[in-house]
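Throughout, protein chains are lettered first and strands after them, A, B, ... in sequence-line order, and every chain is numbered starting at 1. Computed from a prediction, not measured in an experiment: that's the story for all the values here.
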There are 2 protein chains.
Amino acid sequence: MEMHQLRYVVAVSRAGNFSRAAEQCHVSQPSLSQQILKLEEELGERLFDRMKREAKLTPHGEAFLPRAVKILEEVDAASVKPAMRMICCVAD
Amino acid sequence: MEMHQLRYVVAVSRAGNFSRAAEQCHVSQPSLSQQILKLEEELGERLFDRMKREAKLTPHGEAFLPRAVKILEEVDAASVKPAMRMICCVAD
DNA sequence: AGTGTTTACGGCGACCGTAAATATG
DNA sequence: CATATTTACGGTCGCCGTAAACACT
């Protein structure tokens, strides 16, 4: 499980399909698709149901999504220097 | 920031130096060193003070470590299938 | 000499993009 | 034909390991 895979999962859940998610991640749609498939294979569970016009989270996907979001938030928080965090807090 | 970099940071903090951490991560010591350096560069802060016989966390490293640990714990938790989680709970 | 980290340098795998195939309306 | 995902196929970038250099004792 890698960071970019988590970002792709979150993007698809927000965008509603793989194509728009790929645009928003500045990556080609097949690359994003591959990474989602790879993660699903690693987990042994589908995360998305590929419908005709939209990709919807499976029950497993629904359980996985908040975990992915939380991890990414914590990664973002850890990526900021303490001095910069102070500035961000002021900005809020 | 990538998963393996977080694992390397935690390993060094536990092992006390880069060499033993590399062994425990089943990776060469230069590779681990490169990844730590790369992460430090990305963060803009040193995470470790390289002493004569040991590597010690800097203040920034002290602040970063628990974040890294938490992220890795959550990744591990997210990597387990629901059915497997039930088994693990029974095992506890 | 011995321990520990960094630098240098290729090799190889993995992600990525393009293109083609598959699926559905 | 249009939209959406998967499969196929190279190219390229990055991680890794080996070897050498550097630092300190």
Side-chain angles (χ1 to χ4, degrees), chain A residues 1-62 64-65 68 71-72 75 78-79, chain B residues 1-62 64-65 68 71-72 75 78-79:
Chain A
M1 185 186 313
E2 298 303 329
M3 300 295 183
H4 58 105
Q5 293 172 333
L6 299 183
R7 295 191 209 284
Y8 295 168
V9 168
V10 174
V12 171
S13 76
R14 284 208 230 277
N17 69 44
F18 285 37
S19 308
R20 279 194 297 273
E23 290 176 19
Q24 295 168 13
C25 291
H26 306 292
V27 74
S28 74
Q29 186 275 328
S31 291
L32 181 141
S33 178
Q34 285 290 355
Q35 290 302 311
I36 299 274
L37 288 168
K38 187 176 176 184
L39 177 59
E40 287 175 330
E41 184 180 9
E42 179 183 325
L43 295 175
E45 302 286 355
R46 281 275 176 169
L47 295 173
F48 296 99
D49 280 327
R50 283 76 161 169
M51 321 292 285
K52 350 282 178 128
R53 296 199 79 73
E54 62 176 352
K56 275 195 55 177
L57 286 164
T58 63
H60 292 107
E62 294 280 2
F64 186 84
L65 179 65
I71 290 166
L72 292 175
V75 167
S79 300
Chain B
M1 186 188 310
E2 298 302 329
M3 300 294 184
H4 57 104
Q5 294 172 333
L6 299 184
R7 295 190 209 284
Y8 294 168
V9 168
V10 174
V12 172
S13 76
R14 285 209 229 277
N17 69 45
F18 285 37
S19 308
R20 279 194 298 271
E23 289 176 19
Q24 295 169 12
C25 291
H26 306 293
V27 73
S28 73
Q29 186 275 328
S31 292
L32 180 141
S33 177
Q34 285 290 354
Q35 291 301 313
I36 299 275
L37 288 168
K38 188 177 175 181
L39 177 58
E40 288 175 328
E41 184 179 9
E42 179 183 325
L43 296 174
E45 304 285 355
R46 281 275 176 171
L47 295 173
F48 295 99
D49 280 327
R50 282 75 162 170
M51 320 291 285
K52 351 282 178 129
R53 294 200 79 73
E54 62 177 352
K56 275 197 56 181
L57 287 165
T58 62
H60 293 107
E62 293 281 2
F64 186 83
L65 179 65
I71 290 167
L72 292 175
V75 167
S79 300

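For residues 27-41 of chain A, every residue pair satisfying the salt bridge (Lys or Arg N to Asp or Glu O under 4.0 Å) rule, not counting sequence neighbours, is listed here: A:E40-A:R46, A:E40-A:R50. For residues 5-34 of chain B, there are no salt bridge (Lys or Arg N to Asp or Glu O under 4.0 Å) pairs, not counting sequence neighbours.
The CG-C1' distance, from A:L32 to D:dA4, rounds to 13 Å in whole Å. Summarising the geometry, the separation between CG on A:L37 and C1' on D:dA4 is reported as 13 Å, rounded to the nearest angstrom. Put simply, CD1 on A:I36 is 13 Å from C1' on D:dT6, counting in whole angstrom units. Whole-Å rounding puts the A:F48 CZ to D:dT6 C1' distance at 16 Å. Distance B:Q29 CD to D:dC15 P: 16 Å, rounded to the nearest Å. At whole-Å resolution of the value, CG in B:L6 and P in D:dC15 are 13 Å apart. When rounded to the nearest whole Å, the span between CD of B:E41 and C1' of D:dG14 equals 14 Å.
Between A:Q34 and D:dT6 there is no side-chain N or O to OP1 or OP2 distance below 4.0 Å. Contact check, B:S28 against D:dC16: no side-chain N or O comes under 4.0 Å of OP1 or OP2. For the pair A:S33 and D:dT5, the criterion of a side-chain N or O lying under 4.0 Å from OP1 or OP2 is not met.
Separation of atoms NE2 (B:H4) and CG (B:L39) is listed at 9.5 Å; rounding is to 0.5 Å. The OH atom of A:Y8 sits 6.5 Å away from the CG atom of A:L32 when rounded to the nearest 0.5 Å.
Residues passing the side-chain hydrogen bond (donor to acceptor under 3.5 Å, both in side chains) test with B:T58: none are found, sequence neighbours excluded. Remark: B:Q29 pairs with B:F18, B:S19, B:A22, B:S33 by the side chain to side chain contact (heavy atoms under 4.5 Å, CB included) rule, at least two apart or across chains. Every residue was checked against the ring-ring contact (aromatic ring centres under 6.0 Å, His included) condition with B:F64, not counting sequence neighbours, and none meets it. In this structure, the side chain to side chain contact (heavy atoms under 4.5 Å, CB included) partners of A:E62, at least two apart in sequence or on a different chain, are A:L57. Shown here are the side-chain hydrogen bond (donor to acceptor under 3.5 Å, both in side chains) partners of A:Q35, two or more places apart in sequence or in another chain: A:Q5.
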Restricting to nitrogen or oxygen on both sides, can you table the protein-nucleotides 23-25 of chain D pairs closer than 3.5 Å?
from	atom 1	to	atom 2	distance (Å)
D:dT25	OP1	B:K52	NZ	3.2

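Using a 4.0 Å heavy-atom cutoff across all strands shown, A:E54 reaches no nucleic acid atom at all.
Taking 4.0 Å as the cutoff to heavy atoms of chain B, we find the contact window on DNA chain C bounded by C:dT3 to C:dT7.
Both B:E40 and A:H26 lie close to DNA chain C; mapped to their nearest nucleotides by heavy-atom distance, the more 5′-ward contact belongs to B:E40. The 5' end of DNA chain C is approached more closely, in terms of each residue's nearest nucleotide, by B:R46 than by the other of B:R46 and A:S31.
A heavy atom closer than 4.0 Å to some atom of DNA chain C occurs in B:N17, B:F18, B:S19, these being the qualifying members of residues 8-25 of chain B.
Pairing each heavy atom of B:A15 with each of B:A21, the nearest pair is CB-N, 3.6 Å. The nearest pair of heavy atoms linking A:M1 to A:L43 is CE-CD2, 4.3 Å.
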request  = Mind running side-chain contact (heavy atoms from CB on, under 4.5 Å) on A:L6 and B:M3 for me, showing each step along the way?
outcome  = CA-CA 11 Å; A:L6 299 183; B:M3 300 294 184; 4.0 Å; yes
